[in-house]
Amino acid sequence: MLVVGFIIVTSITEIAFIITLFHHFIRWFIIVVTFDSIGIILLYYIKKGYVRTCSVFFTFFCVIILLYMSWTAGGIKSQAVQILPIIVLLSGLLLGKKNGIMMGLIVTIILFILFLAETYSLLPSNTIKHIPLTICINLTFIVWLIVILQYLSVSTLENALRRSKEELDSRTKTEFALRKSEEFRLRIFEGSQIPIVVIDASTLSFIECNQAAIDIYCFNSRENILGKTPLDVSAPLQYDGSSSAEKIKQYIDEALSNGSAVFEWKHQRPNGDLWDAEVRLMSFQADGKQYLQFTLLDISQRKYAEIALEKSEKKVKSISANFTAGMIYQVLIFPDGKHIFTYVSESVKKYYGVTPKEVLNNSSLLYSRVHPDDYCLLLYYEAEAMKTFSPFKVEVRILNPGGEYRWSSLVSTPSKMEDGSICWDGIEFDITEQKNNEKILLESETRYRQLHESITDCLIQVTIQGDIVDGNRAFIEMLGYSRDEISSLKYQELSPSGWLEMERDIIENKIIPRGYSDIYTTEFIKKDGTIIPAELKTYLLRDEDGNPSGMWTIVRDITERIKSEQELKNRMEELEIWHKLTIGREDRILELKEEVNKLLIKNSLPPRYNI
């Protein structure tokens with residue numbers, strides 16, 4: 001705008017000079033054409049963006065034109081010289097104060113040259129002589145140039161003030177927003193329960209942290225933690241055995257290169273306690289300086305659990321590898337009924353003749369071995385266990401690689417997975433030998449029970465306290481009780497009170513010390529109240545620790561024997577009476593026979609009686 005105004009005012013002034021000083025028409029015409037042409041060209045390039053270059057060229061061009069006009073119009077006394085100070089001001093406004101000062105030095109040199117030229121008569125002789133009208137036109141030109149410069153200066157100042165005010169308002173708003181943002185950031189930073197630490201990337205020193213970081217590091221105050229480095233709060237060695245100093249450099253370089261790094265770190269508190277954290281490290285710049293910030297998540301419990309899990313897995317693998325009495329397995333059952341084994345122990349080779357890898361690829365290699373009569377039973381127990389997610393135990397027959405069936409006990413616990421499948425962790429035990437032993441034992445017990453029930457002597461088993469545990473059929477029939485009734489009684493209830501002291505003495509002094517008793521006689525009370533005599537022999541039972549636990553007693557009903565003995569006694573007594581009654585008569589007969597024999601002998605006759 002300044003250049004346009006300058007061109008317009010200058011052109012009008014030169015045209016006025018052409019009219020008033022027509023005899024110098026060519027001179028003024030050339031000046032007007034040259035000035036306007038150069039001005040139009042400069043305006044074109046100003047629109048192209050070459051503002052400063054065009055402004056420099058325009059000021060120097062004006063100086064050259066004014067020097068020419070002054071040189072040809074009277075030198076230091078010419079009207080054109082009065083415009084040079086305005087050019088200095090114009091240069092300062094367009095190009096800045098430094099360029100204005102330089103232009104002032106150039107104009108000063110030009111004025112000094114004009115002064116010397118006039119002093120030494122170096123100026124042309126045919127100089128232009130101004131009349132009062134041309135002087136008025138020239139002064140008017142200067143006045144309007146000053147008006148344009150004043151307008152431009154005031155406009156520039158107003159624009160500068162407006163921009164300054166806008167900038168000030170914007171800065172005020174920015175500062176206010178920044179303060180609010182800083183307050184918000186500090187509130188978030190300090191109020192966060194997540195430990196946050198800021199590091200100077202050049203020194204690796206802690207320069208800021210929140211209260212959560214102070215607490216997790218177990219420092220007393222912020223001052224105690226600021227200035228520390230990551231190495232000051234780290235364990236000497238990290239998980240892989242490398243030094244913390246090496247690892248710190250590795251992760252910081254990663255954060256600086258990629259912007260962030262996430263890793264697990266073993267820390268050490270001031271009291272020497274080690275703890276584990278997940279570190280999220282990020283890099284950022286502020287005011288042209290590089291910083292690092294990291295957050296901490298205490299994962300000590302998780303690491304302990306991972307270590308325990310790792311040890312447990314190793315232990316399970318070790319147990320599984322050495323478990324020869326059966327097979328450990330894990331199988332997934334999906335909602336569509338599909339079975340997939342995810343783990344089987346090496347012992348599957350022994351029991352099924354296939355490798356773990358083959359089972360993982362084809363679950364039917366195991367399920368097809370279950371006896372058809374037991375397969376439905378297995379599915380039933382699985383379904384029942386899934387209703388309450390409780391463990392189940394089932395015994396099934398499984399076909400051995402040799403073609404014969406074995407007995408296996410399956411113990412498994414279900415748990416529901418996120419995808420809806422059921423995971424079964426189980427153990428299979430080979431119980432063939434146990435089943436065979438149970439069969440033998442059952443047969444033995446059957447034979448024992450048959451013998452127990454068929455023996456004519458009564459058998460009774462009691463505890464040391466006298467509770468009746470068992471009795472055979474002969475004993476139950478002897479007393480007239482049912483089996484349920486006899487099991488609810490104590491031995492003492494079946495014996496008359498007069499015999500209890502004797503029986504207690506036999507138990508304490510014979511059965512417990514020796515392990516058995518001699519045959520002894522006692523009495524029993526039948527259900528109808530009848531008292532019957534019995535002959536007993538008792539044997540002591542001991543538990544696994546060798547302590548007395550009960551007694552087996554052989555009981556024999558001696559009612560008939562006692563009756564026979566009494567009848568024999570009666571007969572003997574009767575015989576004794578008869579003997580006493582007849583023994584005297586027999587003696588007299590013998591005496592008489594002897595006398596007869598003597599008489600016969602006297603008479604020389606043979607004896608008649610053989611005595």
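With sequence neighbours left out, the ring-ring contact (aromatic ring centres under 6.0 Å, His included) criterion links Phe263 to Tyr251, Trp265. Residues forming a salt bridge (Lys or Arg N to Asp or Glu O under 4.0 Å) with Asp240 (at least two apart in sequence, or on another chain): Lys247. Qualifying side chain to side chain contact (heavy atoms under 4.5 Å, CB included) partners for Thr355, counting only residues two or more places apart in sequence or in other chains: Lys349, Lys357, Glu358. Partners of Tyr352 according to the side chain to side chain donor-acceptor pair (under 3.5 Å) rule, which considers only residues two or more places apart in sequence or in another chain, are Glu428. Under the salt bridge (Lys or Arg N to Asp or Glu O under 4.0 Å) criterion, Lys387 pairs with Glu384, sequence neighbours left out. Take Phe334 and apply the ring-ring contact (aromatic ring centres under 6.0 Å, His included) test, not counting sequence neighbours, and it matches no residue. Shown here are the side chain to side chain donor-acceptor pair (under 3.5 Å) partners of Thr295, two or more places apart in sequence or in another chain: there are none. Applying the side chain to side chain donor-acceptor pair (under 3.5 Å) test to Trp424 and every residue at least two apart in sequence or in another chain returns nothing. Every residue two or more places apart in sequence or in another chain was checked for a salt bridge (Lys or Arg N to Asp or Glu O under 4.0 Å) with Lys48, and none qualifies. Take Asp215 and apply the salt bridge (Lys or Arg N to Asp or Glu O under 4.0 Å) test, not counting sequence neighbours, and it matches no residue. Not counting sequence neighbours, the partners of Arg302 by the side chain to side chain contact (heavy atoms under 4.5 Å, CB included) test are Glu264, Glu278, Ile299, Glu306. Partners of Met102 under the side chain to side chain contact (heavy atoms under 4.5 Å, CB included) rule, at least two apart in sequence or in another chain, are Ile106.
When only modelled atom types and interatomic distance are considered, Asn224 and Tyr217 share no side-chain donor-acceptor pair under 3.5 Å.
The distance from atom CD1 of Ile207 to atom CD of Gln293, rounded to the nearest 0.5 Å, is 10.0 Å. Atom CD of Gln268 and atom CG of Leu274 lie 5.0 Å apart (nearest 0.5 Å).
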For this session: For the pair Trp275 and Arg269, evaluate side chain to side chain contact (heavy atoms under 4.5 Å, CB included) and give the outcome as yes or no after the intermediate values.
Result: CA-CA 8 Å; Trp275 61 285; Arg269 292 191 171 98; 3.4 Å; yes

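Scanning all heavy atoms of the two residues, the minimum distance from Gly420 to Pro335 falls at O-CG, 3.9 Å.
By the 30° and 60° cut-offs, the orientation of the rings of Tyr329 relative to Phe341 is perpendicular.
Asp253 places no side-chain N or O within donor-acceptor distance of the main-chain N or O of Gln250, the cut-off being under 3.5 Å.
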